[in-house]
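Structure first, commentary second.
FYI, side chains are in, hydrogens and waters are out, and symmetry mates aren't considered; it's all heavy atoms of this structure. Fair warning: this is a prediction, and the values are worked out from it, not measured in the lab. Letters A, B, ... are given to chains in the order of the sequence lines, protein chains preceding strands, and every chain is numbered from 1.
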2 protein chains.
Amino acid sequence: MDLPFDPVEEARRHWREHGWAEAADGMAAVTSVMRAHQLMQARVDEVLRPLGLTFARYELLMLLHFSSSGALPVTKASRRLQVHPTSVTNAVDRLEAAALVVRRPHPTDGRGTLIAITAAGRRLALTCTARLNDEVFSRPGLPPDQVEVLVEVVADLRERAGDFRTAERAG
Amino acid sequence: MDLPFDPVEEARRHWREHGWAEAADGMAAVTSVMRAHQLMQARVDEVLRPLGLTFARYELLMLLHFSSSGALPVTKASRRLQVHPTSVTNAVDRLEAAALVVRRPHPTDGRGTLIAITAAGRRLALTCTARLNDEVFSRPGLPPDQVEVLVEVVADLRERAGDFRTAERAG
DNA sequence: GACAGGTACGTGGACGTCCAGGTATCTTGG
DNA sequence: CCAAGATACCTGGACGTCCACGTACCTGTC
């Protein structure tokens, strides 16, 4: 399964040799992130599959669990999870079919729909969290200082991409 | 669109407050990588869409372009791109429909299929590379030293996950 | 107070990813 | 030489993501 060399480094070398040196590192960064995502997704889904969830649905469930009332409009969940609203609709469809959430009309906005977590949803979310903490999050595949480096550099990337505004240093 | 706070940090704080401190950083790392992937994918696909490609198909095209004979079996491409063989089959179906690659029987292995890049495939691959280099890879969204940090930490992660073996330091 | 523009969701479709299962072919052991 | 197992590839299906589009409903302006 594994290769005798690093395919990302191989591609970066190709880039440099073809006169694209100024883009080689960025290409390597993009390709690296793609593969890192794939690795993380596979580990998480392996844990969640026997529990009948996916990471996308788990994240939505946890967002609702942590919200003060246990219910959020689709748009708000979409912004918090930073995915397209239709992805939330998709996740809600499946979670609702499994009785882990219910849709309710928004009390004051006739256009809106509230997604509310059920007791079964909270139970499953906590079970999944325990398994994920144990089998993935507590052993992410890097030493602790490297994990922190990764989180910080990606935070920088996300902030520069406009994901969020830092409270301090308002300008 | 953007939030007044970093959702990853918010989640990490929740984890710590709920007694999951030892898993909080790993959770933050996984979530960060998921979002970084999404950002990269969106930037790349935005460039490639008008050219009629996706990143997955572009990567396959470049792999073939860089191969010595311009042709590879599906399994070999799958291993090099580190995706499931059926993902390659899917990409080849679409590339072949666009006349960017052709399928040929393997000359010595009756089970195998060779994917061969066409002249049109090479032309489009180079056009896409020029655009990607210009609009994404040369401006990945981080200062150069941070880009290198990101590539290195992910390389460490990938190697620990068994993606490849380093030639030096054989043990 | 009516109408224009914006907002909230949903539907249908395209695409990539993986898994499960099936067929053809190669390889290896008796 | 033949049977058993491995390998290469494809098909069909599940899932998540996004886009394009449509339909309600809210808001602000004249």
Given DNA chain D, 5'-ward residue of the pair A/Ser87 and B/Pro85, judged by closest heavy atom: B/Pro85

Any side-chain heavy-atom pair from A/Glu159 and B/Asp6 closer than 4.5 angstrom? no

Please identify the 5'-most and 3'-most nucleotides of DNA chain D with any atom under 4.0 angstrom from a heavy atom of chain B. D/dT7 to D/dC18

The test is side chain to side chain contact (heavy atoms under 4.5 Å, CB included); show your working for A/Val101 and A/Arg94 and say whether it passes. CA-CA 9 Å; A/Val101 306; A/Arg94 300 174 198 283; over 6 Å; no

Counting only side-chain N and O atoms of A/Thr75, is one of them less than 4.0 Å from OP1 or OP2 of C/dC9? yes

Checking salt bridge (Lys or Arg N to Asp or Glu O under 4.0 Å) for the pair B/Asp93/B/Arg57: CA distance, chi angles, key distance, verdict? CA-CA 10 Å; B/Asp93 286 348; B/Arg57 280 177 258 167; over 6 Å; no

Residues from residues 46-68 of chain B sitting under 4.0 Å of DNA chain D, heavy atoms only? none

A/Glu9, CD atom: more than 12 neighbouring heavy atoms under 6.0 Å: yes

Toward the 5' end of DNA chain C, which comes first, A/Gln38 or A/Asp93, by nearest nucleotide? A/Asp93

Would you indicate what B/Val83 reaches in the nucleic acid, counting non-hydrogen atoms under 4.0 angstrom: base, sugar-phosphate, or nothing? sugar-phosphate

Are side-chain heavy atoms of B/Phe164 and A/Val8 found at a separation under 4.5 Å? no

Is it true that atom CZ of A/Arg104 has more than 12 heavy atoms of other residues, nucleotides or ligands lying nearer than 6.0 Å? no

May I have the distance from A/His84 (atom NE2) to C/dT11 (atom P), rounded to whole angstrom? 15 Å

For residues B/Val83 and A/Gln38, determine if any side-chain heavy atom of one lies less than 4.5 Å from a side-chain heavy atom of the other. yes

Rounded to whole Å, the CZ-C1' distance (B/Arg111 to C/dA24) equals 9 Å

A/Gln41 versus B/Met34: any side-chain heavy-atom pair under 4.5 Å? yes

Pick base, sugar-phosphate or nothing for B/Gln41, based on heavy-atom distances below 4.0 Å to the nucleic acid. nothing

Should the heavy atoms of other residues, nucleotides or ligands under 6.0 Å from CD of B/Glu135 be counted, would the total exceed 12? yes

For a quick check of understanding: with a heavy-atom distance under 4.0 Å over all strands, which category does A/Asp45 fall into, base, sugar-phosphate or nothing? nothing

Report yes if at least one side-chain N or O of A/Thr89 is closer than 4.0 Å to OP1 or OP2 of C/dG10; otherwise report no. yes

Start at the 5' end of DNA chain D and walk down; is the nucleotide closest to A/Val88 or to A/Asp109 reached first? A/Val88

